[in-house]
Amino acid sequence: MSTTAPTSALLLLLSLAAAGCGASVTPAPEGGDAGSLPADAPSAQALTPAPSTASCAEVRAACGAEPQTFVRGHAAGLTGLDGARVRFAMRYLLRDGDGLNVPHGVVSAAAEVRGGAFEACVCMPRGGSGYPQVAAVIFAPGSTGETGPDVARAVFSQRYATLGDEDLSMAFAEAPSAPQAEAALAGLSDRSRSLRVRGLDRAVEGLRVFAGLVADERPVAAQVLRRSVEGGALALDWIMPGRHWPSERLALVIDRNGNDRCDEGDLGATARLDERRELDGVGAWAEGSALRGLCQALSLEDGRER
């Protein structure tokens, strides 16, 4: 995909409608350029700085000329959410010409819902006109954690460009699904993750695979990859896998019957990672009704990938 950006701030409709229907899991394009994560891409704890708590006036005053871009995230009409913590983030391409499915930089701000509204502002160092991404999460009032069950509202979407004003009121109208919440949480971090799986059976050569990273704290994958087995191996590179947790594990489903559905004719497996970048096989395979949990973890429970 080109990184040349039009000037409008319309949504690039990957999976989220312009009406603001919450967040969405963001599967990477099949094939594409996802196999090019830099060797030093963060693989465990995200390197994103702590969210800014500066006022919008302070952020605007400190934000420089292009390529820097001041962005105000805000919402109103947030009934029953006063006192809730808010995280707002803008994700930007680190370099031009590498495509979109590559690691992003992130700037974020923290705020609190007051009188049913909030505003949080950031200064993007670059990339405001180059397909930036928006992520925002409202945590339930009184919650202290930052996992899916703590999320009351969530937004993740990709723009052609940002004009500096991101009104999220409509997107926050309804509570998110679990995949939507996890995608938005992952969008707050600049963490990326690469993994190579070797030693796969010849019987699955060339078959399509759906793969994500899950954990006890993240039972639904934030980003689902679509890849194919080549030479008995899988090359997997996530640009938005979510926060690292000690219980993190690979979840994958092989579309054995080639019907682009997750059903009892397929194969699935999970494998504990322990921060490993390479796996020699994935252990025991599940099939039949045992696949239902994996289909849910990869947002495939209704048949097709989301």
Original post:
Are the side chain of R191 and the backbone N or O of G242 linked by a donor-acceptor pair below 3.5 Å?
Top reply: yes

Original post:
Are the side chain of S169 and the backbone of A76 linked by a donor-acceptor contact shorter than 3.5 Å?
Top reply: yes

Subject >> Exercise: identify the closest heavy-atom pair between V122 and S108 >> reply: CG1-C, 3.6 Å

Original post:
Given D237, which of R277, R227, R193, R196 fulfils the salt bridge (Lys or Arg N to Asp or Glu O under 4.0 Å) condition?
Top reply: R196

Original post:
Can you tell me how far the CG atom of L273 sits from the CG atom of L213, to the nearest 0.5 Å?
Top reply: 6.0 Å

**OP:** Let me see the working for L185 and V151 under side chain to side chain contact (heavy atoms under 4.5 Å, CB included), right down to the final yes or no.
**Re:** CA-CA 9 Å; L185 285 170; V151 175; 3.9 Å; yes

Subject >> Approximate separation, where rounding is to 0.5 Å, of F210 CZ and S299 OG >> reply: 11.5 Å

Subject >> Side-chain donor/acceptor of D274 to backbone N/O of R276, under 3.5 Å >> reply: no

**OP:** List the steps, then state whether salt bridge (Lys or Arg N to Asp or Glu O under 4.0 Å) holds for D266 with R261.
**Re:** CA-CA 8 Å; D266 296 329; R261 299 178 64 86; over 6 Å; no

Original post:
Do the charged groups of E146 and R87 touch, with an N to O distance under 4.0 Å?
Top reply: yes

Original post:
In Å, rounded to the nearest 0.5 Å, how long is the span from OG1 of T147 to CD of E182?
Top reply: 7.5 Å

Original post:
If you round to the nearest 0.5 Å, how far is SG of C295 from CG of D263?
Top reply: 7.5 Å

**OP:** Check whether any side-chain heavy atom of D255 lies under 4.5 Å from a side-chain heavy atom of N257, and answer yes or no.
**Re:** yes

Original post:
What about L234 and L207, same hydrophobic cluster or not, with Ile/Leu/Val/Met/Phe/Trp/Tyr joined at side-chain heavy-atom distances under 4.5 Å?
Top reply: yes

**OP:** Could you walk me through whether D98 and L93 pass the side chain to side chain contact (heavy atoms under 4.5 Å, CB included) test, one step at a time?
**Re:** CA-CA 9 Å; D98 291 343; L93 293 172; over 6 Å; no

Original post:
Short question: side chain of S189, backbone of A186 - any donor-acceptor pair under 3.5 Å?
Top reply: no

Original post:
Once you round to the nearest 0.5 Å, how far does CZ of R249 lie from CG of L279?
Top reply: 14.0 Å

**OP:** Using atom types as modelled and distance alone, determine if a side-chain donor or acceptor of D190 lies under 3.5 Å from a backbone N or O of H104.
**Re:** no

**OP:** State plainly whether one hydrophobic cluster holds both L236 and L267, where clusters connect Ile, Leu, Val, Met, Phe, Trp and Tyr through side-chain heavy atoms under 4.5 angstrom apart.
**Re:** yes

Original post:
Is there a side-chain contact between L298 and V253, using heavy atoms and a 4.5 Å cut-off?
Top reply: yes

Original post:
Taking 4.0 angstrom as the limit, do D96 and R126 come out as a salt bridge?
Top reply: yes

Subject >> Residue among L163, D167, T162 satisfying side chain to side chain contact (heavy atoms under 4.5 Å, CB included) with D165 >> reply: D167

**OP:** Begin from the C-alpha positions of R256 and E287 and carry the test salt bridge (Lys or Arg N to Asp or Glu O under 4.0 Å) through to its verdict.
**Re:** CA-CA 10 Å; R256 181 168 58 175; E287 52 189 317; 2.7 Å; yes

Subject >> Side chains of L188 and V137 in contact at under 4.5 Å (non-hydrogen atoms) >> reply: yes

Subject >> Side-chain touch D260/R226, heavy atoms, less than 4.5 angstrom >> reply: yes

Subject >> Hydrophobic cluster membership, V220 vs W245, 4.5 Å side-chain cutoff >> reply: no

Original post:
Side-chain contact, heavy-atom cut-off 4.5 Å: L100 with Q158?
Top reply: yes

**OP:** Looking only at non-hydrogen atoms, find the nearest pair between S192 and I239 and report the distance.
**Re:** CB-CA, 4.1 Å

List the atom pairs, donor and acceptor, that lie under 3.5 Å between side-chain atoms in residues 56-68 and the rest of the protein, sequence neighbours left out.
| residue | atom | partner | partner atom | Å |
| --- | --- | --- | --- | --- |
| E58 | OE1 | S55 | N | 2.9 |
| E58 | OE1 | S55 | OG | 3.3 |
| Q68 | OE1 | G64 | N | 2.6 |

**OP:** Determine, for R72 against E119, whether the closest basic-nitrogen to carboxylate-oxygen distance falls under 4.0 angstrom.
**Re:** yes

Original post:
Under a 4.5 Å cut-off applied to non-hydrogen side-chain atoms, are V71 and E166 in contact?
Top reply: yes

Original post:
Considering the options R159, R91, M90, which one meets the side chain to side chain contact (heavy atoms under 4.5 Å, CB included) requirement together with Q133?
Top reply: R91

Subject >> Nearest heavy-atom neighbours spanning L168 and A75 >> reply: C-CB, 4.0 Å

Subject >> Over all atoms of both residues, closest heavy-atom pair of A140 and S143 >> reply: O-OG, 2.7 Å

**OP:** Give a yes or no on whether R198 atom CZ has more than 12 heavy-atom contacts from other residues, nucleotides or ligands under 6.0 Å away.
**Re:** yes

**OP:** Test V197 against L250 for side chain to side chain contact (heavy atoms under 4.5 Å, CB included), laying out the working first.
**Re:** CA-CA 10 Å; V197 183; L250 170 69; 4.0 Å; yes

**OP:** Start with the C-alpha gap between L81 and F172, add the side-chain angles, then the distance that decides, and say whether side chain to side chain contact (heavy atoms under 4.5 Å, CB included) holds.
**Re:** CA-CA 11 Å; L81 293 173; F172 280 146; over 6 Å; no

**OP:** Decide whether F70 and V134 are clustered together by the hydrophobic rule: side chain heavy atoms of Ile, Leu, Val, Met, Phe, Trp, Tyr closer than 4.5 Å, transitively.
**Re:** no

Original post:
R218 side chain to R243 main-chain N or O, any donor-acceptor pair under 3.5 Å?
Top reply: yes

Original post:
Does the side chain of V209 reach to within under 4.5 Å of the side chain of S228, using non-hydrogen atoms?
Top reply: no

Subject >> G116 backbone acceptor or donor facing D82 side chain under 3.5 Å >> reply: yes

Subject >> Expected output: side-chain S247 to main-chain D216 donor-acceptor under 3.5 Å >> reply: yes

**OP:** Indicate the atoms forming the closest heavy-atom contact of F118 with E112, along with that distance.
**Re:** CB-O, 3.7 Å

**OP:** Please say whether the positively charged group of R85, taken as NZ for Lys or CZ for Arg, lies over the ring of F139, i.e. under 6.0 angstrom from the six-membered ring centre and within 45 degrees of the axis.
**Re:** yes

Original post:
So, the side chain of E248 versus the backbone of R272: is there a donor-acceptor pair under 3.5 Å, distance only?
Top reply: no

**OP:** Taking all non-hydrogen atoms of both residues into account, name the closest pair between V214 and A251 and its distance.
**Re:** CG2-CB, 4.1 Å

